[in-house]
Structures are given as C-alpha cells and as structure tokens.
J.: 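Dropping a structure here in structure tokens format, bear with me for questions.
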Amino acid sequence: MDAFRKEVERRDCYSGTVILHSLCGGTGSGMGSRLCEEIRETYPAGYILSVTAAPHETGDSPLQHYNSLLCLAWMQRFCDGVLLFQNDEVMRRAASSEEKKTFTACGPQPLVSLTSMNTHIASCLAGLLCPVYSLKTRSPVSVGLEPWELIRCLCPMSTMKFLHTSQVCRRGAASWDTVTSSVVRTLPRADPAGHLHHSLSVLAVARNSQDYSFLLSRDSVLLKLRQAYGCVSWNPSAVHCWTDPQNILDPPGYSHSLTVCANHSSAADLLSRAGTKARTMYRSGAYLHWYRRYGCEDDDFQTCFDTLDSVVDEYRGLGVQ
C-alpha cells in the first residue's frame with residue numbers, strides 16, 4: 001500500500017484502479033481481495049474495476065471453489081465493477097480463433113496455449129479500455145476516462161456489477177452487421193434451468209481502420225445487440241456505444257473490431273455454480289482447516305454464501321422486473 005500511495009501521489013488526479021487477478025489460487029483470490037478492501041478503505045472516492053479470471057469448472061485446485069466463493073463475495077462488497085473471464089469460455093474462444101484441434105480418446109479437443117488464452121483476454125481489455133474518439137476532449141486528448149465510464153454505463157446498480165465480454169475482429173471489408181452477428185452467436189442464451197438471460201446494460205466499442213463506416217450501421221447494430229442481449233425494458237439507457245477510427249488491435253491492416261461488454265445475467269450461472277460446489281464441500285467439512293488456521297470462521301463462510309445468493313437472486317429477477 002505504501003508503493004500504491006506513491007503512485008497515487010504522482011497522479012494529477014486519481015480516478016481509480018484497475019486490478020487484475022484470479023479467483024482460483026491463494027494469491028489471486030486472497031491477496032487480490034485484501035488489496036481491494038484496503039484500496040477502498042484508503043481511497044473511498046476512487047473507482048475499483050476488477051479484471052477477474054475464473055477457474056475451469058474442475059481440475060485447477062481442490063480449494064478453487066472456496067477461494068472463488070470468498071473472492072467473489074469480496075468483489076461484490078468492495079469493487080465497483082468486475083470483468084469476469086471464465087477459463088473454459090476463454091479457451092473455447094481462443095480455440096475458435098486459432099482453428100487448431102487435436103484428437104484424443106474423448107474426441108476432438110482444442111489445442112490452446114496459455115499464451116493464446118492470455119492474448120484473448122488482453123485483446124478484450126484493449127478493445128474496452130484503450131482510448132476511444134468518443135471520450136476524447138476537443139484537443140483531442142485522451143484523459144483515461146474509459147474504465148470509469150465503463151463502470152458508469154454498465155453498473156448503475158450496486159447489487160449487480162459482474163460483466164460479460166465478447167469480441168470479434170475481422171480483416172478486410174466485413175460488414176458491421178456480419179461482425180455483430182458473430183458477437184451475439186457466442187452469447188449464453190439461457191441458464192441450466194432453461195430460463196432466458198437478460199442484460200441490465202450493454203456497451204459496444206467499435207474500432208475500424210481509418211474510416212467512420214460504423215456510423216452508417218450504428219442504429220441497426222445497436223438494435224441487434226439490444227434484442228440479442230435481452231436488455232430490460234425499464235432501463236431507458238440500456239445500450240451505449242463508443243467508436244474510434246483506428247483499430248488498435250490490428251494497426252497495420254484494414255480491419256474491424258467490435259468489443260461488447262454487458263451486465264448480463266449469465267454471471268449468475270458462475271456465481272451459483274461456485275456457491276453450490278463450495279457449499280457441498282463446506283457441509284462435508286472438506287479442507288476447512290486450511291482456512292480456520294488463518295482465522296476464517298463459519299460466520300465468514302455463511303456471510304459469503306448469503307452475499308452470492310443475494311446477487312444470484314438479483315440477476316435471476318432481471319427478466320421479471
């Protein structure tokens with residue numbers, strides 16, 4: 001925190017912090033949660049945007065469900081927005097972009113490196129957080145508003161702040177309607193019980209090389225996103241759009257990129273799954289000694305269970321409000 005304070009003091013104006021961490025391990029979940037708590041208490045006026053990598057459903061660590069439970073509850077309490085990247089989904093996206101497959105006894109499996117997965121996440125973050133023309137001053141100069149405007153657009157309610165991100169990049173003369181169709185094709189449509197997902201709000205960031213062609217298709221693209229993401233009718237400003245005439249994701253070539261971030265109820269699927277698996281382990285008393293030796297008691301677990309259950313209920317109720 002002393003090192004953090006020195007960085008804050010070097011700023012002309014401290015607006016907030018973007019923190020990148022995982023949910024699975026002790027450092028990402030434990031240290032990440034502790035940092036968010038300390039930053040919130042020390043700089044209460046600043047935003048905190050968490051970029052969180054969620055573990056695979058199985059196989060990462062025997063403690064991953066506990067760590068995810070505790071960390072997600074802390075993010076809900078201390079962060080203003082949480083960009084969730086699920087490892088299983090990131091792996092599928094990276095595999096489809098590379099179009100590499102290998103065959104095993106279980107059938108075709110994607111051959112995806114950790115570098116490819118990190119590249120996909122970094123590309124999504126660049127698409128969302130790098131400067132855009134829409135937010136520049138008259139100078140025109142970027143003052144770094146993108147992370148905080150993202151929170152303002154997508155997280156109007158403190159009870160729902162978990163964000164889903166999709167991105168498609170195309171080289172050549174691809175139409176924006178085609179690019180938009182590719183984005184919505186990967187969107188989760190319903191939860192395991194078959195209930196349709198809805199969105200509280202959606203942000204589309206369009207970047208294309210050296211032209212303003214997106215402006216000609218803007219209305220049709222935003223209408224398609226509103227329908228596909230199931231935006232709630234009671235939010236009058238559910239869809240937002242930023243544009244930039246340069247595609248920072250592919251500077252040399254003529255290309256289009258569309259990055260869509262949504263406060264989408266599919267986040268409840270991850271929260272519900274993490275809470276259910278952690279509760280099963282908790283009831284059987286599995287691995288609890290690792291937490292109790294550091295002062296984590298039953299009341300702490302119960303508070304986190306209640307927090308996640310409350311968030312899940314809020315997201316499940318989006319479609320009926």
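Computed from a predicted structure; not experimentally measured.
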J.: Within the supplied structure, the quantity of interest is the number of heavy atoms (other residues, nucleotides, ligands) at a distance under 6.0 Å from Tyr14 OH; does it exceed 12?
T.: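 Yes.
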J.: Does Arg10 pair with Glu7 as a salt bridge, N-O distance under 4.0 Å?
T.: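 Yes.
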J.: Would you say Phe301 ends up clustered with Val312 if hydrophobic residues are merged whenever their side chains have heavy atoms under 4.5 Å apart, either directly or through other cluster members?
T.: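 Yes: a chain of side-chain contacts under 4.5 Å links Val312 to Phe301.
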J.: Nearest 0.5 Å, what's the NE2-CD distance between His164 and Gln86?
T.: 7.5 Å
J.: Quick one: does Ser310's side chain get under 4.5 Å of Thr159's, heavy atoms only?
T.: no
J.: Kindly give the heavy-atom pair with the smallest separation between Lys161 and Cys79, and that separation in Å.
T.: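 That closest heavy-atom pairing would be NZ-O, 2.7 Å.
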J.: Test of understanding: with side-chain contact (heavy atoms from CB on, under 4.5 Å), list the residues that count as partners of Ser33, not counting sequence neighbours.
T.: Cys71, Trp74, Met75
J.: Which atom names give the shortest non-hydrogen contact between Trp242 and Glu146, and what distance separates them?
T.: CH2-O, 3.4 Å
J.: To the nearest 0.5 Å, what is the distance between NE2 (His256) and OG (Ser182)?
T.: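 Rounded to the nearest 0.5 Å, the NE2-OG separation comes out at 12.0 Å.
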J.: Roughly how far, to the nearest 0.5 Å, is CG of Leu225 from CG of Leu203?
T.: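 Going from the CG atom of Leu203 to the CG atom of Leu225 covers 10.0 Å.
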J.: Within the side chain of Ser61, is there an N or O that forms a donor-acceptor pair under 3.5 Å with the backbone of Leu63?
T.: yes
J.: Answer yes or no: is there an ion pair linking Asp80 with Arg40, defined by an N-O contact shorter than 4.0 Å?
T.: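 Between Arg40 and Asp80 there is a salt bridge, with a charged N closer than 4.0 Å to a carboxylate O.
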J.: Quick one: pull up CG in Asn67 and CH2 in Trp290 and give me the separation to the nearest 0.5 Å.
T.: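 One finds 12.5 Å between CG of Asn67 and CH2 of Trp290.
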J.: Show the nearest heavy-atom pair for residues Lys136 and Pro131, with the distance to one decimal.
T.: CE-CB, 4.4 Å
J.: Does Met281 offer a backbone N or O that forms a donor-acceptor pair with the side chain of Ser284 under 3.5 Å?
T.: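 Looks like yes, one N/O pair under 3.5 Å.
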J.: Is there a donor in the side chain of Arg5 and an acceptor in the side chain of Thr42, or the other way round, less than 3.5 Å apart?
T.: no
J.: Are more than 12 heavy atoms from other residues, nucleotides or ligands located less than 6.0 Å from atom OH of Tyr287?
T.: no
J.: Report yes or no: does Asp300 contribute a side-chain atom to a donor-acceptor pair with the main-chain N or O of Glu297 at less than 3.5 Å?
T.: yes
J.: Measure the OG-CZ distance between Ser233 and Arg226 for me, rounded to the nearest 0.5 Å.
T.: 9.5 Å
J.: For Ala45, which residues count as a side-chain contact (heavy atoms from CB on, under 4.5 Å) partner, sequence neighbours excluded?
T.: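 None.
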J.: Classify the side-chain pair His198/Ser265 by whether it contains a donor and acceptor separated by less than 3.5 Å.
T.: no
J.: Using only atom types and a distance under 3.5 Å, with no angle test, would you say the side chain of Arg292 pairs donor to acceptor with the backbone of Asp298?
T.: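 Flag not set: sc Arg292 to bb Asp298 has no pair under 3.5 Å.
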J.: Identify the two heavy atoms, one from Ser29 and one from Cys24, that lie closest to each other, and give their separation to 0.1 Å.
T.: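 Smallest interatomic distance, heavy atoms only, reads OG-O, 4.4 Å.
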J.: Report whether Val232 and Tyr315 are members of the same hydrophobic cluster (ILVMFWY, side-chain heavy atoms less than 4.5 Å apart, transitive linking).
T.: yes
J.: Test side chain to side chain donor-acceptor pair (under 3.5 Å) on Asp88 and His56; report intermediate values, then the result.
T.: CA-CA 5 Å; Asp88 292 312; His56 297 282; 2.7 Å; yes
J.: Take Arg273 and Ser68, measure what side chain to side chain donor-acceptor pair (under 3.5 Å) needs, and give me the verdict at the end.
T.: CA-CA 10 Å; Arg273 186 165 61 245; Ser68 296; over 6 Å; no
J.: If we ignore angles and hydrogens, is there a donor and acceptor under 3.5 Å between the side chains of Thr259 and Arg207?
T.: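 Note: Thr259 and Arg207 side chains miss the donor-acceptor criterion.
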J.: Closer than 3.5 angstrom, by distance alone: can the side chain of Lys277 be matched with the main-chain N or O of Glu57 as a donor-acceptor pair?
T.: yes
J.: Hey, does the side chain of Ser272 reach the backbone of Asp269 with a donor-acceptor pair shorter than 3.5 angstrom?
T.: no
J.: Using the rule that Ile, Leu, Val, Met, Phe, Trp and Tyr join whenever any side-chain heavy atoms are under 4.5 Å apart, tell me whether Leu129 and Leu163 fall into a single cluster.
T.: yes
J.: Taking atom CE of Met31 as the centre, report whether more than 12 heavy atoms of other residues, nucleotides or ligands fall under 6.0 Å from it.
T.: no
J.: Is there a side chain to side chain donor-acceptor pair (under 3.5 Å) between Ser220 and Asp177 once you walk through the steps?
T.: CA-CA 8 Å; Ser220 63; Asp177 284 337; 3.2 Å; yes
J.: Can you name the side-chain contact (heavy atoms from CB on, under 4.5 Å) partners of Thr307, sequence neighbours left out?
T.: Ala73, Gln76, Thr303
J.: Is the distance between the ring centroids of Tyr66 and Tyr282 under 6.0 Å?
T.: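 No - the distance between ring centres of Tyr66 and Tyr282 does not fall below the 6.0 Å cut-off.
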J.: What are the two closest non-hydrogen atoms of Ser199 and Leu318, and how far apart are they?
T.: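 Where Ser199 meets Leu318 most closely, the heavy atoms are C-CD1, 4.2 Å.
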J.: Walk me through it: do Asn263 and Tyr229 pass the test side chain to side chain donor-acceptor pair (under 3.5 Å)?
T.: CA-CA 10 Å; Asn263 197 330; Tyr229 277 80; over 6 Å; no
J.: Which heavy-atom pair separates Val202 from Val260 by the least distance, and what is that distance?
T.: CG1-CG1, 3.6 Å
J.: Apply salt bridge (Lys or Arg N to Asp or Glu O under 4.0 Å) to residues Arg92 and Glu89 and explain how you reach the verdict.
T.: CA-CA 5 Å; Arg92 287 193 295 269; Glu89 184 177 1; 5.2 Å; no
J.: Enter the distance from Ser15:OG to Leu145:CG here, rounded to the nearest 0.5 Å.
T.: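 So the OG of Ser15 and the CG of Leu145 are separated by 7.0 Å.
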